[in-house]
Amino acid sequence: MPIFALVDCNNFYASCEKLFDPKLAGKPVVVLSNNDGCVVARSAEVKALGIPMGVPWFKIQKEARQYGIVAFSSNYALYADMSNRVVEVLGQFSPSLEVYSIDESFLDLTGFLQNLAEYGQAIRQRIQQWLGLAVCVGIAPTKTLAKLANHCAKKGLAGQQGVCDFITMTEADLSRLFARIEVGEVWGVGRRLQARQAQLGISTVQQLREADPDLIRARFSVVLERTVRELRGVSCLELEEVAPDKQQIMCSRSFGQYVYEREGLEEVIATYVSRAAEKLRQQSSLAGALTLFIRTNPFSQEPHYQRSLTIPLPEATEDTRVLVTWAVKVLRRIYRRGFAYQKAGVMLSELRPQKMAQASLFADPDIERSHRLMATLDIINQRWGRGALRTAAEGLEKPWQMKRLRLSPGYTTDWEGMPVVGCRSEGER
DNA sequence: TCTGGGGTCCTAGGACCC
DNA sequence: TCTGGGGTCCTAGGACCC
């Protein structure tokens with residue numbers, strides 16, 4: 001029988017912010033989405049206040065003042081760095097692990113003979129001690145159950161002190177426990193599926209687990225059928241240690257302020273294409289098609305307009321300059337004057353590995369040059385920071401750039417942001 | 001004034017082929 | 001009078017995840 005552990009950081013983004021500023025201890029902290037739009041992470045104190053996930057920040061100003069909520073812009077450099085450290089520590093606990101998201105990893109504990117709950121505690125303690133972050137651990141014979149066990153650990157429904165092990169629980173205990181958990185908590189059951197299942201009288205995890213897999217397949221899909229089997233302890237989802245290459249690469253963002261003119265949008269598009277192309281080259285792929293979309297603010301009372309267009313590229317490419325040229329052509333086809341644009345995005349698709357095209361690629365001296373130029377561009381930007389070297393099309397001012405008014409320092413990723421402990425500058429002395 | 005970003009998988013239906 | 005069957009590919013849309 002396989003054994004999976006799911007390790008999940010508690011309130012990850014909010015915890016990262018608290019970690020480097022002791023004054024925030026015990027205080028309610030939220031982290032906001034891009035443009036300081038919505039609440040995407042909440043500390044325990046904020047959850048206790050009943051502030052929901054995803055609520056627009058401007059709508060909770062009253063509560064924020066009343067309770068002294070401290071808000072931060074998303075500091076992805078900080079979170080990514082802390083995430084890598086967590087993964088590094090987890091690597092000491094299992095030879096095979098899947099990094100599922102920035103704050104969650106699955107560990108393969110198959111064949112581990114020790115007391116699993118104690119092992120989970122050891123993981124928790126080491127991450128707490130070495131990194132100052134709290135995690136919860138769920139242990140079970142399938143990934144879906146490990147996710148659920150993690151949920152139970154977090155909510156204190158089963159297990160102790162942030163670790164829940166389904167493997168040593170009896171069938172009777174599991175049934176009783178699952179009867180108390182809403183089916184919407186199951187991995188893969190979102191709001192829509194929860195509503196549709198309610199019509200069939202399925203509202204708890206236990207009821208879904210007892211449902212007939214064939215019926216579920218007929219009424220829903222093979223995906224949900226697999227979920228039912230996983231809930232019954234039959235492992236259908238394997239650990240994916242190596243993340244497969246992306247099949248599409250997106251870069252889209254809302255603007256810090258509306259953009260009206262085509263020239264402004266061209267700068268935006270050039271910037272987004274550059275970022276997408278960078279990601280493309282990171283996985284050594286070429287793009288065969290490009291999609292562009294632009295839209296106005298769907299929440300505003302102003303006239304709305306949105307359009308997207310996909311074009312096949314005459315030759316698959318990784319060259320930012322080529323991609324920008326095509327993107328600007330596409331923009332000219334979908335742009336309409338007189339609208340307040342609020343968001344745009346670029347998607348690269350029909351991706352294929354560079355090496356598959358290499359035979360013809362390097363036969364052509366122009367393409368060989370392009371490849372070397374792009375490689376150099378990436379090296380320079382890696383060394384000197386994103387955008388240090390860029391196409392002129394991106395512009396200089398970028399007034400539309402996203403708002404990040406509440407950004408914390410790059411505590412672990414920037415010399416200027418490094419926290420200083422116990423010493424004063426010359427002037428203060 | 002102010003409402004995120006980036007992905008995956010599956011299904012149904014139409015076009016087209018032999 | 002009689003009007004096939006099976007397969008692939010593509011796209012749009014729906015659902016989910018963090």
Side-chain angles (χ1 to χ4, degrees), chain A residues 6 8-9 11-13 30-42 52-62 64 71-76 79-80 83 98-106 143-144 147 150-151 183-197 216-227 236-237 240 243-258 272 275-276 278-280 282-283 288-289 291 293 295-302 308-310 312 340 342-351 402-406:
Chain A
L6 178 70
D8 183 320
C9 299
N11 319 320
F12 184 56
Y13 293 178
V30 296
V31 175
L32 306 175
S33 62
N34 282 344
N35 269 316
D36 297 343
C38 298
V39 171
V40 294
R42 305 161 294 161
M53 180 73 167
V55 67
W57 172 233
F58 74 89
K59 284 191 180 173
I60 55 164
Q61 289 307 297
K62 197 170 139 234
F72 290 93
S73 306
S74 297
N75 187 341
Y76 292 113
Y79 313 147
S83 174
E98 172 185 342
V99 179
Y100 176 68
S101 75
I102 194 159
D103 70 337
E104 285 173 70
S105 290
F106 286 102
K143 283 175 135 184
T144 304
K147 286 278 272 186
N150 189 284
H151 168 78
V183 73
E185 298 294 343
V186 173
W187 191 32
V189 180
R191 270 210 321 277
R192 307 290 174 103
L193 283 177
Q194 185 173 12
R196 278 173 58 198
Q197 285 174 48
I216 293 296
R217 181 181 193 143
R219 295 289 190 92
F220 297 91
S221 67
V222 292
V223 182
L224 195 63
E225 180 200 3
R226 203 160 52 204
T227 299
C236 308
L237 302 169
E240 290 176 36
D245 279 351
K246 303 256 182 283
Q247 298 175 37
Q248 45 182 338
I249 289 172
M250 294 237 323
C251 179
S252 80
R253 230 149 257 148
S254 308
F255 311 146
Q257 55 181 252
Y258 291 141
Y272 293 3
R275 178 70 190 114
E278 204 176 291
K279 295 189 208 174
L280 181 74
Q282 252 167 37
Q283 66 167 39
T291 305
F293 77 83
R295 64 154 219 224
T296 55
N297 184 350
F299 297 100
S300 87
Q301 304 306 312
E302 306 295 306
S308 77
L309 184 62
T310 303
Q342 179 251 2
K343 184 174 180 176
V346 172
M347 186 168 84
L348 303 179
S349 53
E350 288 181 36
L351 308 190
M402 67 180 177
K403 281 183 282 196
R404 295 172 93 185
L405 299 176
R406 299 159 176 275

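This one's a predicted model, so the numbers in the text were calculated from it and none came from an experiment. Letters A, B, ... mirror the listed sequences (proteins, then strands); counts begin at 1.
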- Take the protein atom CG of Leu348(A) and the nucleotide atom P of dG7(B), then report the distance between them rounded to whole Å. 10 Å
- In terms of side-chain heavy atoms of Arg196(A), which of dT11(B), dG6(B), dA15(C) is nearest? dA15(C)
- Which nucleotide in the set dG4(B), dA15(C), dT3(B) lies at the smallest distance from any side-chain heavy atom of Asn34(A)? dG4(B)
- Task: Return the orientation label for the Tyr13(A) and Tyr76(A) ring planes: parallel under 30°, perpendicular over 60°, tilted otherwise.
- Result: perpendicular
- Task: May I ask you to check whether Asp8(A) and Tyr100(A) show a side-chain donor-acceptor distance below 3.5 Å?
- Result: no
- Whole Å only: how far is the NZ atom of Lys343(A) from the C1' atom of dG4(B)? 6 Å
- Say you draw a straight line from CZ of Phe220(A) to CD of Gln197(A); how long is it, rounded to the nearest 0.5 Å? 5.0 Å
- Within the pair Ser74(A) and dG4(B), is there a side-chain N or O less than 4.0 Å away from OP1 or OP2? no
- Message: What is the distance, to the nearest angstrom, from the CG atom on Asn150(A) to the P atom on dC18(C)?
- Response: 10 Å
- Query: Would you say Gln61(A) reaches dC2(B)'s phosphate, i.e. side-chain N/O to OP1/OP2 under 4.0 Å?
  - Reply: no
- Item | Phosphate contact (dG4(B) OP1 or OP2) by Tyr13(A) side-chain N/O below 4.0 Å | no
- Query: What integer distance in Å separates Leu237(A):CG from dC17(C):C1'?
  - Reply: 13 Å
- Item | Whole angstrom value for the distance that separates C1' of dT11(B) from CD of Glu225(A) | 15 Å
- Message: What contact category does Ile102(A) fall into here, base, sugar-phosphate, or nothing, at under 4.0 angstrom with non-hydrogen atoms?
- Response: nothing
- Indicate yes or no: at least one non-hydrogen side-chain atom of Phe293(A) is less than 4.5 angstrom from one of Lys343(A). yes
- Item | Closest listed nucleotide, where the reference is the side chain of Ser221(A) and the choices are dA15(C), dT11(B), dC18(C) | dT11(B)
- Task: Just compare dT3(B), dT11(B), dC17(C) and give me whichever is closest to any side-chain atom of Pro56(A).
- Result: dT3(B)
- Query: Do any side-chain nitrogens or oxygens of Lys59(A) fall under 4.0 Å of OP1 or OP2 in dT1(B)?
  - Reply: no
- Query: With a non-hydrogen cut-off below 4.0 angstrom, is Lys246(A) in contact with a base, only sugar-phosphate, or nothing?
  - Reply: sugar-phosphate
- Task: Return the value, rounded to whole Å, for the distance between atom CD of Glu278(A) and atom P of dG6(B).
- Result: 13 Å
- Task: Please tell me which of the listed nucleotides, dT3(B), dG5(B), dC10(B), lies nearest to the side chain of Val223(A)?
- Result: dC10(B)
- With sugar-phosphate meaning primed atoms plus P, OP1 and OP2, does Val55(A) contact a base, only sugar-phosphate, or nothing at under 4.0 Å between heavy atoms? nothing
- Task: Name the nucleic acid region contacted by Ile249(A), choosing base, sugar-phosphate or nothing; use a 4.0 angstrom heavy-atom cut-off, strictly under.
- Result: sugar-phosphate
- Task: Would you mind classifying the nucleic acid contact of Arg191(A) as base, sugar-phosphate or nothing, using non-hydrogen atoms under 4.0 angstrom?
- Result: sugar-phosphate
- Message: Counting the atoms with a prime plus P, OP1 and OP2 as sugar-phosphate, which does Asp103(A) contact under 4.0 Å by heavy atoms, base, sugar-phosphate, or nothing?
- Response: sugar-phosphate
- More than 12 heavy atoms of other groups within 6.0 Å of Arg295(A) CZ: yes
- Phosphate OP1/OP2 of dG6(B): any Arg253(A) side-chain N/O under 4.0 Å: yes
- Partner residues of Asn35(A) under the side chain to side chain contact (heavy atoms under 4.5 Å, CB included) criterion, sequence neighbours left out: Ser254(A), Met402(A), Lys403(A)
- Query: Base, sugar-phosphate alone, or nothing: which one does Val99(A) contact when heavy atoms must sit under 4.0 Å apart?
  - Reply: nothing
- Item | Base paired to dC10(B) (Watson-Crick or G-U; both N/O distances under 3.5 angstrom) | dG13(C)
- When rounded to whole Å, the CZ to C1' distance for the pair Phe293(A) and dA12(C) reads 17 Å
- Check whether any side-chain N or O of Lys279(A) sits under 4.0 Å from OP1 or OP2 of dG7(B), and answer yes or no. yes
- To the nearest Å, how far apart are Phe255(A) CZ and dG4(B) C1'? 14 Å
- Item | Residues that Lys147(A) engages under side chain to side chain donor-acceptor pair (under 3.5 Å), provided they are two or more places apart | Glu104(A)
- From the list dG4(B), dC2(B), dC16(C), which nucleotide is the closest neighbour of the side chain of Leu193(A)? dC16(C)
- Examine dC2(B): is either OP1 or OP2 under 4.0 Å from a nitrogen or oxygen in the side chain of Gln342(A)? Give yes or no. no
- dC9(B), dA15(C), dC17(C): which one has an atom nearest the side-chain heavy atoms of Gln247(A)? dC9(B)
- Sugar-phosphate, base or nothing in reach of Trp187(A), heavy atoms under 4.0 Å: sugar-phosphate
- Note on the structure: Heavy-atom nearest nucleotide on DNA chain B taken for Ser300(A) and for Asp245(A); more 5' hit belongs to Ser300(A)
- Query: What nucleotide, of dC18(C), dA15(C), dG6(B), holds the atom closest to the side chain of Met250(A)?
  - Reply: dG6(B)
- Is the distance from OP1 or OP2 of dT3(B) to the nearest side-chain N or O of Ser254(A) less than 4.0 Å? no
- Query: Does Val222(A) or Tyr76(A) map to a spot on DNA chain B nearer the 5' end, using the closest nucleotide for each?
  - Reply: Tyr76(A)
- Message: Is it the case that atom CZ in Arg217(A) sees more than 12 heavy atoms from other parts of the structure closer than 6.0 Å?
- Response: no
